[in-house]
Amino acid sequence: MILSKQAKEQFQNNPAQFIEEAIKEFARTSPLNRLPFIKDYVIWDEPLVKFANGDDPIFTEYKTIITPTHLTPREALAKAYNKSPENMPVHLSVVSWILPAVEETRKSNRRETRVPSRLWSHTYWYGEKFNEVLREYVAKLLTEMGYLAVAPMLQSYFKVDRNEKGPYSNWSERHIAYAAGHGTFSLSDGFITESGIAHRCGNVVTSLILPASPRAAESPYSNCLFYVDGSCKACIARCPVGAITEKGHDKKKCEAYLRDDISYLRKDYDVGGTGCGLCQTKVPCEFQNPTKKLKKKTE
Ligand code: B12
Ligand code: SF4
Ligand code: SF4
């Protein structure tokens with residue numbers, strides 16, 4: 001039991017506000033949102049929380065944009081309950097959050113040119129452990145209130161396959177964030193939100209009806225300066241292995257760098273994976289939507 005009687009009443013009065021506040025509170029107070037070796041070092045800043053309609057047609061479009069095996073929220077929920085998608089409740093929603101990296105972590109990675117900083121790697125490793133627990137917490141909160149709920153990333157059906165371009169999954173968390181109106185993709189492939197690109201994201205599918213957040217972006221790339229006016233390209237110079245060009249992001253090169261070239265760092269940093277994210281720091285989109293300034297100039 002994680003909810004008191006009073007909390008249940010608050011949930012019933014305004015479920016959207018309750019869930020958003022519960023996620024923020026969890027990030028503020030969870031000991032897992034702290035690095036184990038540095039006293040009081042918070043991993044993620046206050047989360048951004050938005051909602052999508054689980055039957056938004058964009059989820060079916062992802063079967064063409066990403067891969068036919070990419071699950072819709074309806075399929076993801078049904079699979080977890082061993083039912084067919086048609087036997088799920090009429091209305092479904094997706095709760096989607098962004099966990100922005102704190103300034104000190106971003107600053108430490110800005111100083112690097114070849115490999116990720118120790119703080120970035122610890123954020124990658126321990127920060128995803130926090131993200132996993134947050135997914136569990138949100139799903140539990142919803143089931144306790146009597147709704148169906150699942151975090152697809154934590155299910156045994158979640159998988160990463162490969163094609164000629166490199167790895168891809170059957171549940172892309174950034175595409176879910178795009179559907180919920182959190183931001184857009186970019187030249188480097190990262191997802192640019194109002195808090196920038198240096199973040200991780202997560203989500204839960206539920207039968208609770210939540211108000212869908214508006215998708216304000218003009219196109220799937222409109223938060224990236226390069227796609228707005230051909231400028232910037234700062235991420236190209238930041239990548240130590242030339243995985244980013246004007247044609248986009250070479251996933252295979254990036255993956256090989258993370259998996260093989262810098263695997264030696266894992267022992268030194270004492271983590272199971274290091275991440276990299278040099279292309280997400282010391283760039284104009286690091287902690288903000290860089291196109292906001294352009295829009296202000298033309299107003
Ligand atoms: C496989 C994987 C990788 C692979 C491949 C990445 C990739 N681009 O697919 C590798 C190993 C290279 C990788 C590297 C990294 N990863 Co990774 N990875 C994943 C994983 C597990 C699956 C990604 C996936 O399914 N991709 C599917 C393919 C098809 O997506 P895509 O190529 O990006 O899609 C393009 C098209 O759809 C296109 N598009 C074309 N037409 C249209 C039309 C519309 C309407 C739309 C919406 C899009 C669209 O836009 C997209 C961008 O170009 C996710 C976790 C998850 N389950 O989502 C994390 C994830 C993507 N990784 C993440 C991170 C942080 C990283 C690293 C920074 C490592 C680190 N932590 O230090 C680097 C960054 C590399 C980069 N430059 O983006 C974050 C992303 C956060 C962010 N800011 O974007 C995720 C979401 C993990 C998380 N839970 O937060 N990763
Ligand atoms: S660094 Fe510039 S070009 Fe690269 S993703 Fe960010 S805004 Fe786009
Ligand atoms: S594209 Fe990959 S290898 Fe290049 S800077 Fe970004 S995360 Fe690192």
Check against ring pair (Phe, Tyr, Trp, His ring centres under 6.0 Å), F130 and F26: CA-CA 10 Å; F130 167 76; F26 193 76; 5.8 Å; yes

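The closest side-chain heavy-atom distance from F11 to I19 is below 4.5 Å. When side chains are defined from C-beta on, S93 does not count as touching F51, because their heavy atoms never get closer than 4.5 Å. Within the 4.5 Å cutoff, side-chain heavy atoms of S172 are placed close to those of H70. Between T184 and P220 the shortest side-chain heavy-atom distance does not fall below 4.5 Å. For the pair Y269 and W120, the minimum side-chain heavy-atom distance is 4.5 Å or more. Taking the side chain as every heavy atom from C-beta outward, P284 and C232 approach each other to under 4.5 Å. Within the 4.5 Å cutoff, no side-chain heavy atoms of Q10 are placed close to those of E21. Looking only at side-chain heavy atoms (C-beta outward), Y257 and C276 come within less than 4.5 Å of each other.
For the pair E144 (side chain) and L3 (backbone), a donor-acceptor distance under 3.5 Å is present. N109 places a side-chain N or O within 3.5 Å of a backbone atom of G277 that can act as its donor or acceptor partner. Checking side-chain atoms of Y157 against main-chain N and O of A76 turns up a donor-acceptor pair under 3.5 Å. Judged by distance alone, with hydrogens and angles left aside, the side-chain atoms of D55 form no donor-acceptor pair with the main-chain N or O of H91 at under 3.5 Å. When atom types are taken as modelled, the side chain of K253 and the backbone of I244 share no donor-acceptor pair closer than 3.5 angstrom. Remark: side-chain polar atoms of R135 are not paired, donor with acceptor, to backbone N or O of V204 under 3.5 angstrom. Checking side-chain atoms of H199 against main-chain N and O of P47 turns up no donor-acceptor pair under 3.5 Å. Checked by atom type and distance alone, the side chain of R74 pairs as donor or acceptor with a backbone atom of P89 at under 3.5 Å. In this structure a side-chain-to-backbone donor-acceptor pair under 3.5 Å is missing from R200 to A101. T72 places no side-chain N or O within 3.5 Å of a backbone atom of F59 that could act as its donor or acceptor partner.
For S169 against I66, the heavy-atom pair with the smallest separation is O-CG2, 4.3 Å. For the pair G202 and N131, the tightest heavy-atom approach, listed with the atom from each and the gap, is CA-OD1, 4.2 Å. Heavy-atom minimum distance, C235 versus C279: CB-O, 3.9 Å.
A donor-acceptor pair shorter than 3.5 Å can be found between the side chains of E86 and S84. Judged by distance alone, the side chains of R238 and T281 do bring a donor and an acceptor atom under 3.5 Å apart. A donor-acceptor pair shorter than 3.5 Å cannot be found between the side chains of S195 and T193.
Aromatic ring pairs are classed by plane angle as parallel below 30°, tilted from 30° to 60° and perpendicular above 60°; the pair Y178 and F185 is tilted.
Looking at E25 and R28, a side-chain N of the basic residue comes within less than 4.0 Å of a carboxylate O on the acidic one, giving a salt bridge. Between K107 and E286, no side-chain nitrogen of the basic residue sits less than 4.0 Å from a carboxylate oxygen of the acidic one, so the salt-bridge criterion is not met.
Among pairs with a residue in residues 33-51, those fulfilling side chain to side chain donor-acceptor pair (under 3.5 Å) read Y41-T105, at least two apart in sequence or across chains.
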